[in-house]
Amino acid sequence: MSNESTAQTTNFIRNIVIRDLESGKHATVVTRFPPEPNGHLHIGHAKSICLNFGLAQEFGGTTNLRFDDTNPLKESEDYAQAIMADVRWLGFEWNELRHASDYFQQLYDFAVHLVRTGTAYVDSQTAEEIRAARGTLTEPGRESPYRDRPVEENLDLFQRMKAGEFGDGEHVLRARIDMAASNMNMRDPVIYRIRNVPHHRTGDAWHIYPMYDWAHGISDALEGITHSLCTLEFEDHRPLYDWFLEQIPAPCHPQQIEFARGNLNYTVMSKRRLLQLVEEGHVDGWDDPRMPTLAGLRRRGYTPEAIRAFWAEMGISKSDSIIDMGVLENAIRNDLNERAPRTMAVLDPLKVVLDNFPAGETEWVEAAVHPQRPELGVRKVPLTRELWIERSDFMEDPPRKFFRLRPGGEVRLRNAFIIRCEGVVRGADGEIAELRCVFDPDTRSGQPGAARRVKGTIHWVSAMHGVSAEVRLYDRLFRVPNPLAEKDRDFLEFINPDSLGVVSTAVVEPGVAEGAPGECYQFERIGYFVHDVLDSKPGKPVLNRTVTLRDSWARLEPKP
RNA sequence: UGGGGGAUCGUCUAAUGGUAGGACAGCGGACUCUGACUCCGCCAGUGGGGGUUCGAAUCCCUCUCCCCCAGCCA
């Protein structure tokens, strides 16, 4: 189901939007996608992107891309650029590009308003003192000795914090709420801290930077966001979100709605761990095809359509969940099955000599580019006396239901004719070196005799024309479903040592060698592959395995 | 053990007092010049216990389990 015309299944957020539109609470829907530019987007972010942009799209509204860039220590323009590229690649275009930093002046002015109304104060305790006085989950906090500072003094101090008169950590601005609140977020949260560092967009203009809770809701309000969608961990920030907007003359009061993050098994999703994988060299970079990042998935050969269809199928709810990687794999198979041109490639070649085929002669056989889509036409595939077939497609002493080649047995060569194995030639090492076969000319594809049926069909590549290729077989990054399940063990211990297998022996149809970076194929009977965007060169192809084909034979005959 | 959330087939998700449905996985079969695709069928669920109701996944009570919160991160 790669097309997205499948019936829209609803979810609780969509239902809220529908209700708000029907009741007249809102005339339109305005959402935002608010990443912090401190890392790359991953498949989980795609859920939020699809939700925010998809909802606005469905109801004729708009979506802003807003960088939540309130922490200059961790953020960079490079990340911001990569994020924009990823959002566009996913297939969405924002209405307006905004930054929380665009609002620094307004945020400051609103903070001054808070100070003037006595609902914020400058606290001069150290970070440690503030932490110690916050209380615990079961005990109330203690009020700061600076809590009742006169308004004028707060104003003066806050202004001087802004002017850069103090060192990092000397003062903070805190909202004056309730140190005994059972919701820890309401215990006089810090809303501004001093950071004497330049910001990637505002440069040296600011020495104080707003905290998330202060910046986010106000940014939403300034943009006229109707529904501010975020993940579950912000649920107990909502009272604060609402409190802030009630304290200031905000242009509107968006509704924060929380939903569950989208987790996948056999991987990790937190930016911190993803960063660790990259920095410690466990993977090749943010775009390593094993990474759940959008950059990684893209390089792996995943399409935006598949990712969108995947999240559409998964839906939105509030229950914590870990989705089986198999569902994502199913989504990309569905999409690639429809779009990928078919070709033949042999990963582990075994030589076959057709004894009754003239030496030095090339026969060009016609093969469908896509059996289910004849409009895509045909390709010509060279066929010669010497061929490569997959080593696993031959067994001297096969088990029951092995439909492939065996001594004395017959098999169809895909797009060509039926061959029979007449002999096995061994090398000095005792390994099978080549197969001597004869072909039945009457069974050529398209000929009347082609109707003759044999149980198995195998793929092949002409030894004379085949182009050798590097093939990278990617598998899941971790060997256990949840690498974080055991609290006292490092998730790195569970990295799958076989997550990348490099095959240097592969031989592909000549046409494949000319493919462009990013071009994908189905290697018939094997899987979907894509030219690596970085390393594949004309004549020197490097192909990444996106996903295998479903393989009911492998399920039948589990590997030893 | 304070506060905030969440529990529906193995997994994800619908059902908003009226037949518990779909997708993925699994199993069986048909088809097949890809052991793919496609098609058909099957298996499988409301965390436990009470209550209200003609009728409860849905409302009430209670219990259990899981997640989040004590950053000058977001």
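In this text the structure is predicted, and so the values were computed from the model without any measurement. Reminder, nothing fancy here: chain letters follow the sequence lines and each chain counts from 1.
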Sugar-phosphate only, base, or nothing, as touched by A/I316 at under 4.0 Å among non-hydrogen atoms: sugar-phosphate

Options B/C72, B/A14, B/C12, nucleotide nearest the side-chain atoms of A/M211: B/C72

Under-4.0 Å salt bridge between A/R379 and A/E509: yes

Under 4.0 angstrom between A/R238 side-chain N/O and B/C69 OP1 or OP2: no

Sugar-phosphate only, base, or nothing, as touched by A/I130 at under 4.0 Å among non-hydrogen atoms: base

B/G22 OP1/OP2 closer than 4.0 Å to side-chain N/O of A/T9: no

In B/G28, glycosidic geometry as syn within 90° of 0 or anti otherwise: anti

Any A/N15 side-chain nitrogen or oxygen under 4.0 Å from OP1 or OP2 of B/A15: yes

Touch class at under 4.0 angstrom, heavy-atom based, for A/N415 against every strand present: base

From B/A74, B/U34, B/A14, nucleotide with atom closest to A/T10 side chain: B/A14

Sugar-phosphate, base or nothing in reach of A/R342, heavy atoms under 4.0 Å: base

Gap between atoms CG and P, on A/L549 and B/U34 respectively (whole Å): 12 Å

Nearest-angstrom distance, C1' atom, B/U53 to B/A14: 25 Å

Spacing of the C1' atoms in B/C9 and B/C61 (rounded, Å): 28 Å

A/E233 side chain, from C-beta outward: closest of B/G35, B/C68, B/C12: B/C68

Shortest side-chain distance from A/I323, nucleotide among B/G3, B/C37, B/C12: B/C12

Quiz item: A/Q522 side-chain donor-acceptor pair to B/U34 base, under 3.5 Å: yes

Whole-Å C1' distance, B/C31 and B/G41: 15 Å

Sugar-phosphate, base or nothing in reach of A/K271, heavy atoms under 4.0 Å: nothing

base_contact_polar (B/G71 base, A/R131 side chain, donor-acceptor, <3.5 Å): no

B/U13 and B/A7, which share atom name P, separated by this distance in whole Å: 9 Å

side-chain N/O A/R187 vs B/C69 OP1/OP2, d < 4.0 Å: no

B/G35 phosphate, OP1 or OP2, under 4.0 Å from A/R525 side-chain N/O: yes

Touch class at under 4.0 angstrom, heavy-atom based, for A/R134 against every strand present: sugar-phosphate

Touch class at under 4.0 angstrom, heavy-atom based, for A/R444 against every strand present: base

B/C67 to B/C42 separation - C1' atoms, rounded to the nearest Å: 36 Å

Touch class at under 4.0 angstrom, heavy-atom based, for A/R550 against every strand present: sugar-phosphate

Candidates B/G35, B/A74, B/U13 - which lies nearest the side chain of A/F234: B/A74

Polar pair under 3.5 Å, donor/acceptor by atom type, side chain A/D236, base B/G3: yes

A/R404 vs B/U34: side-chain N/O to OP1/OP2 distance below 4.0 Å: no

Salt-bridge criterion met for A/R476 and A/E329 (N-O under 4.0 Å): yes

B/A57 versus B/A15 - spacing of their C1' atoms, nearest Å: 8 Å

Residues A/E338 and A/R373 bridged, charged N to O under 4.0 Å: no

Sugar-phosphate only, base, or nothing, as touched by A/V172 at under 4.0 Å among non-hydrogen atoms: base

Phosphate OP1/OP2 of B/A36 contacted by A/S552 side-chain N/O (<4.0 Å): yes

No-H, no-angle donor-acceptor pair, A/H459 side chain to B/A36 base, under 3.5 Å: no

Touch class at under 4.0 angstrom, heavy-atom based, for A/M344 against every strand present: nothing

Nearest-angstrom distance, P atom, B/G17 to B/G3: 30 Å

Sugar-phosphate, base or nothing in reach of A/T70, heavy atoms under 4.0 Å: sugar-phosphate

Sugar-phosphate, base or nothing in reach of A/F310, heavy atoms under 4.0 Å: nothing

Sugar-phosphate only, base, or nothing, as touched by A/P371 at under 4.0 Å among non-hydrogen atoms: base

Sugar-phosphate only, base, or nothing, as touched by A/Q372 at under 4.0 Å among non-hydrogen atoms: base

Aromatic ring of A/W553 stacked on base six-ring of B/G35, 5.5 Å, 30°: yes

C1' atoms of B/C12 and B/U8, separation to the nearest Å: 11 Å

